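Since this is a predicted model, take the numbers as computed values, not measurements. In each ligand, atom 1 is the first atom listed, and ligand 1 is the first ligand listed.
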Amino acid sequence: MGTSSSLDHALFSRGERLILDNCRLLDGLQPIVEKAAVVVHEGKIAYAGSARDLPEKLRAGGTAVDLTGLLVMPGLIDCHAHLVYNGFRNLEEVNRCSIEIATLNGMLNAQKVIAAGYTTIRDVGTIGNVAVTLRDAIAEKRIPGPRIVASGQVICSTAGVGDTLPPHWSASHGFGSMVDGPIEMRKEIRRQIRNGVDNIKLAASGVEVGPYAYTWMTTFSQEEVTVAIEEAHRWGRSVAVHAQSYDSVKFSLRAGADTVEHGTRLDEESIRMFKETTSILVPTLCTLYSVLELGAKLNLMRKHREEMAVNEPLWLKSTKMAHDAGIPIAAGGDLGNRYPHGTNARELEFLVRAGLQPLEAIRAATSVAALAIKRQETIGTLKPDKVADLLIVDGDPLRDIAVLQDQSRLVAVVQAGELAAGRLAQREPAARAAMPGVSRDSAAAARVT
Ligand SMILES: [Zn+2]
């Protein structure tokens, strides 16, 4: 049996069997299992369950680390991210950002997101083709960051979400790609597929933060939405639809959207339609609360703040109706412009405030999130053969969901079996060496058994 004094980089990258022993296990589905063990081998989960039931053949020959008092859960997933967002006050500012700056922003933001315990995100709208570039650079380990399910530019109509610059400007590489009618729609989707996207992001309604279209307006026709989803699905791509108006939600559900983003306006009919599909709702309550909280301080545009005031009761009612009806809800923060990247776990606090139980909020950012982004076969739960994306927490998120926002409580972020971030990961190697296993914090005190 190997030895180690703490949870360090070497331990997670050694390639031998690592036994996280005597931990509290939150597997992404069930309530906490006390006195559990999680076994990581070659980047995957070999076992997760009661320590007592760990088969001897998995225990023998592995390196065991005692995690008494610490909780092991799946790495978190944010289903609605825009890594290029960087303190922009409206969508015109987003469109004015160059691809070069957007790429730098995305690289830096990706590091903040992984440090916050998010091992996977779905990027649902970028500048140029930056999300695909970041996805590949992170997968090749050229830069740190979460695993990315990448979209291209947001596909919207003329005067829709991404259409923000004066008409005589050319913004073909901006945040929005404006298409009108089924022929342009098919062509744009095929162009994005050529660019390597995993997901298509459609904007079927207006948005608070754009100049022309309001959230209650439906900016694509049923025909356009249906064609888009049919085309994307035929190529094996998922579709996320920005839908804040009543009709845009129904158009999306009727056409088989994989996820409905925001869902600001839901009524009885859309709830009924939701229940007949496998679509998942991503309410992005941070989009709402960040404007309510910071709108005045950041001097956001008047339309933005006024629409949010109108939308607040509708949005909360819609989220509650969906939750009460048992519609699957996944977590997505839509962060980067008001709440900064790395505060993604605020969304879980808001989901709890909207009526979800803490365990449901955890599922929204793990197992249900994996389903929403079509990665349920590999991530989102701690089950044998899943990728070993783990979050080791000094605290109990079922008692206090906000503990996940406190990075000093995130002991380690493990991505595919390797230490990606965490308190220990952030320490200088020399500092670690100088304090071999002797520390007040429970992680460093983790000891070999
Ligand atoms: Zn968004």
- Item | Under 2.8 Å from the Zn ion (ligand 1) - protein N/O/S, by chain and number | H80 NE2, H82 NE2, D334 OD1
- Is E231 salt-bridged to K187, cutoff N-O under 4.0 Å? no
- Which of parallel (below 30°), tilted (30 to 60°) and perpendicular (above 60°) describes Y85 and H82? parallel
- Is there a donor-acceptor contact under 3.5 Å linking the side chains of T378 and K386? no
Below 3.5 Å, can you tabulate the donor-acceptor pairs from side chains in residues 293-300 to any protein atom, sequence neighbours excluded?
{"residue": "E293", "atom": "OE1", "partner": "Y339", "partner atom": "OH", "Å": "3.4"}
{"residue": "E293", "atom": "OE1", "partner": "R346", "partner atom": "NH1", "Å": "3.4"}
{"residue": "E293", "atom": "OE2", "partner": "Y339", "partner atom": "OH", "Å": "2.8"}

- F251: ring pair (Phe, Tyr, Trp, His ring centres under 6.0 Å) partners, not counting sequence neighbours: none
- Note on the structure: Hits for ring pair (Phe, Tyr, Trp, His ring centres under 6.0 Å) against H242, two or more places apart or cross-chain, chain-then-number order -> H262
